[in-house]
Amino acid sequence: HLDEQIALGNLSIIRPYVTTFDYQSVLSFLGFNFVSENEIRALEELLRELKGLATHGFESNTVERKLKNYRALLNQRLLEVASIQDKELVVDLVEHYLFGGAADSPKDQIERLIKFTESIEASELSRRFSELIKKSGPLVMVVGDDLESLPTRAEIQSTIGRAFEKIPIK
């Protein structure tokens, strides 16, 4: 959803980046990184968009389209299983040891993910997302080269307040 909003010009984010962080497997939260010419405006827009998703949910057709693309990626990874390098296998084993992640074969992991995606529904995803946003709220970390050009703590706190006061979460 966010990538589409950025592509449409509805969010003033230049370079979005979403990833799973190593500690995410132990803590329940979502992470978004971005670059913007106006960090405060982009942060408020992003938070309002997330709050809107938590309130109104995800559209079924959007979720199905994203799942279809993800399944295509997983099917491609299945074709590449024979060429997985040892270092990738080691990462899986380390994550298993440190965080309790699955330690089954790459093929089994991919097949498990494919099967899992077949059970995802927009309504359940929306419910879970709303629950997560309601429980955790935003954790904002600002990173940059020049401390003088970064938003202050007060600006960030004010932005979070403005973004979250506009739309009540279900």
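FYI, side chains are in, hydrogens and waters are out, and symmetry mates aren't considered; it's all heavy atoms of this structure.
Clustering ILVMFWY residues whenever any of their side-chain heavy atoms sit less than 4.5 angstrom apart, transitively, puts Tyr70 in a cluster other than the one holding Leu79. There is no path of hydrophobic side-chain contacts, each under 4.5 Å, that joins Val81 to Val91. The hydrophobic cluster containing Leu113 also contains Leu78, counting ILVMFWY residues as joined when their side-chain heavy atoms lie under 4.5 angstrom apart, directly or transitively. Residues Leu93 and Ile110 are members of separate hydrophobic clusters, defined by side-chain heavy-atom contacts under 4.5 angstrom among Ile, Leu, Val, Met, Phe, Trp and Tyr. Both Leu150 and Ile160 are members of a single hydrophobic cluster when ILVMFWY side chains are connected at heavy-atom separations under 4.5 Å.
A distance-only check finds a donor-acceptor pair linking the side chain of Ser36 to the backbone of Ser12 [under 3.5 Å]. Remark: the backbone N or O of Asp104 is not paired with any side-chain donor or acceptor of Asp108 at under 3.5 angstrom. In terms of modelled atom types and a separation under 3.5 Å, the side chain of Ser130 and the main chain of Ala54 share a donor-acceptor contact. For Thr55 (side chain) and Lys51 (main-chain N/O), a donor-acceptor pair under 3.5 Å exists by modelled atom type. With Ser158 contributing its side chain and Ala154 its backbone, the two residues share no donor-acceptor pair below 3.5 Å.
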Verify salt bridge (Lys or Arg N to Asp or Glu O under 4.0 Å) between Arg77 and Glu80, making sure each step is shown before the conclusion. CA-CA 5 Å; Arg77 287 186 60 205; Glu80 300 167 356; 5.8 Å; no

Could you go through Glu39 and Glu155, starting from their C-alpha distance and side-chain angles, then the distance that decides it, and tell me whether this counts as side chain to side chain contact (heavy atoms under 4.5 Å, CB included)? CA-CA 10 Å; Glu39 291 92 356; Glu155 288 173 311; over 6 Å; no

Kindly determine whether Ile114 and Glu118 satisfy side chain to side chain contact (heavy atoms under 4.5 Å, CB included), including the steps that lead there. CA-CA 7 Å; Ile114 291 170; Glu118 293 167 356; 3.8 Å; yes

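Gln157 CD to Thr159 OG1: the interatomic distance, rounded to the nearest 0.5 Å, is 10.0 Å. Rounding to the nearest 0.5 angstrom, the gap separating the CZ atom in Arg112 from the OG atom in Ser105 is 9.5 Å. Leu11 contributes atom CG, which lies 11.5 Å from atom CG of Leu43 (distance to the nearest 0.5 angstrom). From Asn10, atom CG reaches atom CZ of Arg48 across 13.5 Å, with rounding to the nearest 0.5 Å. To the nearest 0.5 Å, the span separating OG1 on Thr117 from CG on Asn69 amounts to 11.5 Å. To the nearest 0.5 Å, the span separating CD on Gln109 from CG on Leu74 amounts to 11.0 Å.
With salt bridges taken as basic N to acidic carboxylate O contacts below 4.0 Å, one links Arg41 and Glu45. Between Glu111 and Lys115 there is no salt bridge, since none of the side-chain N atoms of the basic residue sits less than 4.0 Å from a carboxylate O of the acidic one. Salt bridge absent: Lys68 and Glu64 never bring a charged side-chain N and a carboxylate O closer than 4.0 Å.
Using a 4.5 Å heavy-atom threshold, the side chains of Leu50 and Phe129 count as touching.
In the displayed structure, Glu131 atom CD is contacted under 6.0 Å by more than 12 heavy atoms of other residues, nucleotides or ligands.
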